[in-house]
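What follows is a short report on a single structure.
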Amino acid sequence: MATTETERRNGGAKAAPQASTSPAATPGERPGQRANAADRHVGARIRERRVMMGLSQQQLAKMIGVTYQQAHKYERGLNRISAGRLFEIGQVLGVPVSWFFDGLTVEGPGQEASPRQRMCLELARNFALIDNEKHQEALSQMARALAAQSQAEREGG
């Protein structure tokens, strides 16, 4: 009969099952569901920042020393992220650890990104990929002009 690592450490004795330290769940809620919602929120914030920076999941994974699959699981909230790993991700993405928790409330994570918010993120990512500063400035001026026109139309009628 093979012994497990835990049994070897405990001198051959099997480890006793540990009691759950999770707070009591309210009706209709699985134990740990709040933590899972927090994990999903942090993962969504990682994805948001990664997309904003124009990085692929593969690139992020390489930068933090994990597999693409692991990075994917972090972003989906399927795997929890240790404090040290979250700190490392924050350094790679150029944000403090607290940034990943912005918008997380006691009730759960903030709302899903709207199509407009996703479009803004995509616009920012694509803008950052433009190498020519004159093209960036022209695009910025065009956006200002269109915004001013929309503002005038709203105020005028």
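Heads up: numbering here begins at 1 and tracks the sequence.
A pairwise comparison of heavy atoms in Arg49 and Val95 identifies NE-CG1, 3.4 Å as the closest pair. Contact between Val66 and Ala71 at its shortest, heavy atoms only, is CG2-N, 4.1 Å. Here the closest heavy-atom approach between residue Asp102 and residue His41 is recorded as O-NE2, 2.8 Å.
Annotation for Arg116: atom CZ does not count as buried by contact number, only 12 or fewer foreign heavy atoms lying within 6.0 Å. Heavy-atom contacts from other residues, nucleotides or ligands closer than 6.0 Å to CZ of Arg45 number more than 12. Within a 6.0 Å radius of CD in Gln141, more than 12 heavy atoms belonging to other residues, nucleotides or ligands are found. Taking a 6.0 Å sphere around CZ of Phe127, one finds it holds more than 12 heavy atoms contributed by other residues, nucleotides or ligands. Residue Asp131 places its CG atom among 12 or fewer non-hydrogen atoms of other residues, nucleotides or ligands, all under 6.0 Å distant.
Follow the hydrophobic side-chain contacts under 4.5 Å out from Ile64 and you reach Trp99 in the same cluster. Leu104 and Val97 fall within a single hydrophobic cluster, where Ile, Leu, Val, Met, Phe, Trp and Tyr are joined by side-chain heavy atoms under 4.5 Å apart, directly or via other members. One hydrophobic cluster holds both Phe101 and Tyr74 under the rule that ILVMFWY side chains link at heavy-atom gaps under 4.5 Å. No continuous path of hydrophobic side-chain contacts links Ile130 to Leu123 [ILVMFWY only; heavy atoms under 4.5 Å]. Using a 4.5 Å cut-off between side-chain heavy atoms of Ile, Leu, Val, Met, Phe, Trp and Tyr, with links allowed through other members, Val51 and Met63 fall into different hydrophobic clusters.
Side chains of Arg154 and Ser150: no donor on one and acceptor on the other come within 3.5 Å.
Taking the charged nitrogens against the carboxylate oxygens, Arg85 and Glu88 do have a contact shorter than 4.0 Å, which makes a salt bridge.
Atom CD of Glu48 is separated from atom CZ of Arg118 by 11.5 Å, given to the nearest 0.5 angstrom. Remark: Gln70 CD to Lys73 NZ distance equals 6.5 Å, nearest 0.5 Å. In this structure, the separation between CD on Gln151 and CG on Leu146 is 13.0 Å, given to the nearest 0.5 Å. For the atom pair CG of Asp39 and CZ of Arg80, the computed distance is 4.5 Å after rounding to the nearest 0.5 Å. Once rounded to the nearest 0.5 Å, the distance linking CG of Leu93 with CZ of Arg47 reads 13.0 Å. Remark: Met119 CE to Asn126 CG distance equals 12.0 Å, nearest 0.5 Å.
Judged by distance alone, with hydrogens and angles left aside, the side-chain atoms of Arg50 form a donor-acceptor pair with the main-chain N or O of Leu55 at under 3.5 Å.
Between Ile81 and Phe100, every side-chain heavy-atom pair lies at or beyond the 4.5 Å cut-off.
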Review point. Would Lys134 and Glu137 count as a salt bridge (charged side-chain N to carboxylate O under 4.0 Å, His left out) if you check the C-alpha gap in whole Å, the side-chain angles of each, and the deciding distance to 0.1 Å?
Key: CA-CA 5 Å; Lys134 288 183 180 180; Glu137 183 57 36; over 6 Å; no
